[in-house]
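Remember, it's 1-based here, ligands and their atoms both numbered in the order they're listed.
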Amino acid sequence: MIRKVLAVFLTLALFEAAVGSGCSGQAVYQVSFTNLLTPENFGELIPSTGLVFSPLAGASHSNRFSFFTIRGFASPQVEQIAETGQNGRFVAQATNLVPTGKVRSVASADGPTMPGTTTSLLFTVDCARPFITMLGMVAPSPDWIVQINNRNMFRDGMFISSENGTLIAYDTGTDDGREFTSPVDASLDIPTEPQKNIAPLVEDETDRFEGRIIGTFDIRKVE
Ligand SMILES: *[C@@H]1O[C@H](CO)[C@@H](O)[C@H](O)[C@H]1NC(C)=O
Ligand SMILES: [Ca+2]
């Protein structure tokens, strides 16, 4: 009974949010990240095999939930991605938020985005949940990620048709390492104590990418 009342209440709340913004319907977006971390692009700056993006994961969500923000602390879910490349905790968190109405859809890639290649995920958005967040680890690395976060697909009264841009590396603020070593051995971890904010890696004077673009993103409305 309580569940039912809650469901009706949630539905009404979503309806009101939709009506209030002059928004209706839904849209499906294909979100692609291209990995530019090839030896051709980065030469001696990176290992000779290039670097990968760990299996990308993301979700569409409401403005009442943020998986992370730049200058905020990483959650355990984001920390897991940033340090291990595994997105299980993030996907579980996002999936668990679907029944609350805060998350509309969740997607994750089957494998890593190899140097010079592109991975695309699909997200359904609607008026109450028009935001998209997607991220992956730069691997191997201590705790560096590529990401788009809290990106609104509903602007100026409509679902946008497409958008693109560049990706730089962000330091997730949970590990002090500075090398491209794989943390298979936990003794190599250098936990950042106290935890720092998520910030552009270029703000660290030891930025291995020298502030350069390490990827691009492309968002396209496909339905
Ligand atoms: C964005 O799209 C335009 C038009 O297709 C293209 O010329 C530009 O290179 C793209 N930018 C990025 C960062 O991919
Ligand atoms: Ca760090």
Within 4.0 Å of atom 2 (O) of ligand 1 (strictly less), any protein heavy atom? yes

Examine distances only and state if a side-chain atom of N35 and a backbone atom of L37 form a donor-acceptor pair shorter than 3.5 Å. yes

Note, F73 side chain near N197 side chain (heavy atom, < 4.5 Å): yes

heavy-atom search around atom 13 (C) of ligand 1 in the protein gives G165 O, 3.6 Å

Below 4.5 Å, heavy atoms only, C-beta onward: do R151 and T133 meet side chain to side chain? no

Do the side chains of R178 and D176 get close enough for a salt bridge, i.e. N-O under 4.0 angstrom? no

Can you check atom 11 (N) of ligand 1: any protein non-hydrogen atom closer than 4.0 Å? yes

N164 versus ligand 1: do any nitrogen or oxygen atoms come within less than 3.5 Å of each other? yes

Please check this pair: side chain of N87 against backbone of V91, looking for a donor-acceptor N/O pair closer than 3.5 Å. no

Spell out the protein N/O/S atoms under 3.0 Å from the Ca ion (ligand 2) as residue plus atom name. D143 OD1, D143 OD2, D171 OD1, D171 OD2, D175 O

Show, in sequence, the C-alpha distance, side-chain angles and deciding distance for T118 and S32, and conclude whether the side chain to side chain donor-acceptor pair (under 3.5 Å) test is met. CA-CA 6 Å; T118 300; S32 308; over 6 Å; no

Nearest protein heavy atom under 4.0 Å from atom 5 (O) of ligand 1, yes or no: no

So if I apply the side-chain hydrogen bond (donor to acceptor under 3.5 Å, both in side chains) rule between E163 and each of R155, R220, K221, which one comes out positive? R155

Would a single hydrophobic cluster contain both F131 and V146, if residues Ile, Leu, Val, Met, Phe, Trp and Tyr are joined by side-chain heavy-atom contacts under 4.5 Å? no

